[in-house]
K.L.:
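Following this message is one structure expressed as structure tokens.
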Amino acid sequence: MKKLSVVARASLLGTCVLLATACQHSTAPSAAEAQNVTTVNGKPVPQSRVDALLQQATRQGQQPRTPELETQVRDEVVLREMFVQEAVRRGLSSRKEYLEQIELARQGILIRELFVDYQKSNPVTDEDIKAEYDKFVAQAGGSEFRARHILVDKEDEAKDLIAKIKAGAKFEDLAKKHSKDPGSGKEGGDLDWANPNSYVPEFSQALVKLKKGEMTQEPVKSQFGFHIIKLDDTREAKPPSLDEVRPQIQQSLNQKRLTDFRDEIKTKSKTTYKFQPAG
């Protein structure tokens with residue numbers, strides 16, 4: 001395993017700076033700190049500090065707990081004790097800049113713990129995931145459409161392209177040349193298979209009226225410009241299985257709950273401060 005540099009290890013474990021600082025000011029080890037790694041200039045370095053930093057590193061998913069990682073963290077804890085003692089000796093611990101950083105670190109750690117604790121107390125269950133999946137399947141049910149489109153800025157341009165297609169020009173070639181949709185334009189306007197509800201209403205309403213192989217005879221206006229739409233094919237929708245989308249659903253539900261929890265705290269807190277509108 002590649003050995004972490006002192007700077008890298010400090011960055012990895014830096015969020016526990018308050019723990020290390022608090023230990024510096026401890027006058028006597030508690031029962032939990034009875035086992036010490038070593039002493040530095042006569043001051044004990046408790047094993048509990050190593051355990052705490054190891055827990056922090058592995059919880060963040062940096063790497064699994066291994067003998068190599070334990071050795072690196074133990075080295076880091078002893079080095080930090082040396083550096084902190086020197087910083088205190090130089091009077092840095094009483095400086096305003098240091099105290100401000102300590103307060104910011106304290107806030108960051110508490111906020112992280114708040115949301116971690118909330119997630120533990122409000123886990124996403126299998127029932128939650130199944131219910132969300134059922135809603136997804138209901139929305140994705142019915143038919144899927146494989147369509148093409150050409151998107152342009154002006155209605156006259158769209159009408160001119162429709163006339164050219166009726167005269168024998170290939171839809172795909174004109175899409176590659178004229179469509180301002182960068183994603184589908186280079187693919188001849190191909191939008192792949194999709195539920196019509198995934199498009200803006202004007203597009204969707206025009207699409208579902210087409211039969212296989214048909215093209216809209218007039219430009220379809222939307223917020224993006226003017227579309228010429230062609231329906232290549234239709235099929236019955238086949239949503240992915242629950243197991244295929246379980247991780248995404250769980251992540252989405254977790255994020256929504258955290259967002260709702262954050263907004264609840266924000267709403268019930270009393271302040272005259274005015275936040276900027278989202279977005």
Side-chain angles (χ1 to χ4, degrees), residues 124 126-260 263 277-279:
V124 173
D126 288 341
E127 291 77 12
D128 296 331
I129 295 174
K130 180 61 166 59
E132 191 68 15
Y133 175 76
D134 290 342
K135 289 195 294 184
F136 164 74
V137 170
Q139 293 172 354
S143 298
E144 290 183 322
F145 291 68
R146 183 153 197 168
R148 296 178 183 271
H149 82 141
I150 302 173
L151 177 63
V152 294
D153 290 320
K154 298 180 179 180
E155 184 177 13
D156 288 343
E157 184 181 2
K159 288 182 176 180
D160 182 60
L161 292 174
I162 290 174
K164 289 180 178 179
I165 295 170
K166 289 181 177 180
K170 292 188 65 175
F171 190 102
E172 294 83 348
D173 293 340
L174 294 180
K176 291 178 182 178
K177 185 176 180 179
H178 297 281
S179 182
K180 71 171 189 174
D181 180 349
S184 68
K186 62 184 179 181
E187 301 298 331
D190 187 16
L191 294 169
D192 209 341
W193 291 101
N195 187 293
N197 293 329
S198 62
Y199 301 119
V200 293
E202 301 90 345
F203 192 104
S204 175
Q205 291 165 11
L207 176 61
V208 298
K209 294 177 182 178
L210 296 175
K211 295 180 180 179
K212 181 177 177 179
E214 288 184 344
M215 175 187 73
T216 50
Q217 300 300 298
E218 294 293 333
V220 177
K221 184 180 180 180
S222 78
Q223 65 196 74
F224 303 107
F226 292 88
H227 307 262
I228 307 166
I229 307 169
K230 180 183 177 184
L231 176 60
D232 283 350
D233 205 355
T234 61
R235 70 181 183 187
E236 285 301 308
K238 295 181 179 179
S241 69
L242 174 57
D243 288 339
E244 289 177 301
V245 295
R246 180 184 297 274
Q248 295 94 316
I249 293 177
Q250 184 169 17
Q251 181 181 12
S252 176
L253 289 175
N254 269 323
Q255 186 58 48
K256 184 179 184 305
R257 289 187 180 186
L258 285 177
T259 299
D260 291 344
D263 291 344

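Quick note: numbers below take in every heavy atom, side chains included, and nothing from hydrogens, waters or symmetry partners.
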K.L.:
Where do Ala158 and Phe226 come nearest, in terms of heavy atoms and distance?
P.N.:
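Nearest heavy atoms, Ala158 then Phe226: CB-CB, 4.1 Å.
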K.L.:
Given side chains that start at C-beta, do those of Leu253 and Ile249 come closer than 4.5 Å, heavy atoms only?
P.N.:
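Yes, at least one pair of side-chain atoms sits under 4.5 Å.
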K.L.:
My understanding is that only residues two or more places apart in sequence, or in another chain, count here; which of them pass side-chain hydrogen bond (donor to acceptor under 3.5 Å, both in side chains) with Asp232?
P.N.:
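Asp232 satisfies side-chain hydrogen bond (donor to acceptor under 3.5 Å, both in side chains) with Arg148 once adjacent residues are dropped.
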K.L.:
Do the side-chain N and O atoms of His227 and Ser222 include a donor-acceptor pair separated by under 3.5 angstrom?
P.N.:
yes
K.L.:
Mind listing the closest non-hydrogen atom pair of Glu236 and Ser143 along with its distance?
P.N.:
OE2-OG, 3.5 Å
K.L.:
Once you round to the nearest 0.5 Å, how far does NE2 of His149 lie from CG of Asp190?
P.N.:
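Rounded to the nearest 0.5 Å, the NE2-CG separation comes to 10.0 Å.
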K.L.:
Charged N to carboxylate O under 4.0 angstrom, Lys256 versus Asp128?
P.N.:
no
K.L.:
Nearest 0.5 Å please: distance from the OH atom of Tyr133 over to the CD atom of Glu244.
P.N.:
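Here the interatomic distance stands at 8.0 Å.
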K.L.:
When you compare the side chain of Met215 with that of Ile228, does any pair of heavy atoms fall below 4.5 Å?
P.N.:
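Yes, side chains in contact.
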K.L.:
Looking only at heavy atoms, what is the nearest atom pair of Asp181 and Gly183, with distance?
P.N.:
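Reported closest heavy-atom pair: OD1-N, 3.0 Å.
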K.L.:
Once salt bridge (Lys or Arg N to Asp or Glu O under 4.0 Å) is applied, do any residues pair with Asp263, and if so which ones, sequence neighbours excluded?
P.N.:
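Counting only residues at least two positions away or on another chain, Asp263 forms no salt bridge (Lys or Arg N to Asp or Glu O under 4.0 Å).
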K.L.:
Closer than 4.0 angstrom, basic N to acidic O: yes or no for Lys176 and Asp173?
P.N.:
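Result for this pair is no, no salt bridge flagged.
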K.L.:
Can you measure from NZ (Lys170) to NZ (Lys177) and round to the nearest 0.5 angstrom?
P.N.:
15.0 Å
K.L.:
How long is the straight-line distance from CH2 of Trp193 back to OG1 of Thr234, given to the nearest 0.5 Å?
P.N.:
6.5 Å
K.L.:
CG of Leu161 to CD1 of Ile165: how many Å apart, nearest 0.5 Å?
P.N.:
6.5 Å
K.L.:
Would Glu132 and Lys135 pass as an ion pair if we require N to O under 4.0 Å?
P.N.:
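Here Glu132 pairs with Lys135 in a salt bridge, since their nearest N and O are under 4.0 Å apart.
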K.L.:
Heavy-atom count check: over 12 atoms from other residues, nucleotides or ligands less than 6.0 Å from Lys180 NZ?
P.N.:
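Enclosed: over 12 neighbouring heavy atoms sit under 6.0 Å from NZ of Lys180.
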K.L.:
Are any non-hydrogen side-chain atoms of Glu214 and Leu231 less than 4.5 angstrom apart?
P.N.:
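In short, these two side chains do not touch, never coming nearer than 4.5 Å.
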K.L.:
Salt bridge (charged side-chain N to carboxylate O under 4.0 Å, His left out), that's the test. Do Asp243 and Arg246 meet it? Break it down for me.
P.N.:
CA-CA 5 Å; Asp243 288 339; Arg246 180 184 297 274; 3.7 Å; yes
K.L.:
Counting distance only, does the side-chain N/O of Thr259 pair as donor-acceptor with the main-chain N or O of Gln255 below 3.5 Å?
P.N.:
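Yes, Thr259 side chain to Gln255 backbone: donor-acceptor pair under 3.5 Å.
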K.L.:
Measure the CG-CZ distance between Asp153 and Phe224 for me, rounded to the nearest 0.5 Å.
P.N.:
12.5 Å
K.L.:
Is the shortest side-chain heavy-atom distance between Ile229 and Tyr199 below 4.5 Å?
P.N.:
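They are not in contact (no side-chain heavy atoms under 4.5 Å apart), so the answer is no.
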K.L.:
Which atom names give the shortest non-hydrogen contact between Val220 and Glu202, and what distance separates them?
P.N.:
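For Val220 versus Glu202, the nearest heavy atoms are CG1-O, 3.6 Å.
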K.L.:
Give a yes or no on whether the backbone of Pro196 and the side-chain of Ser204 come within a donor-acceptor separation of less than 3.5 Å.
P.N.:
yes
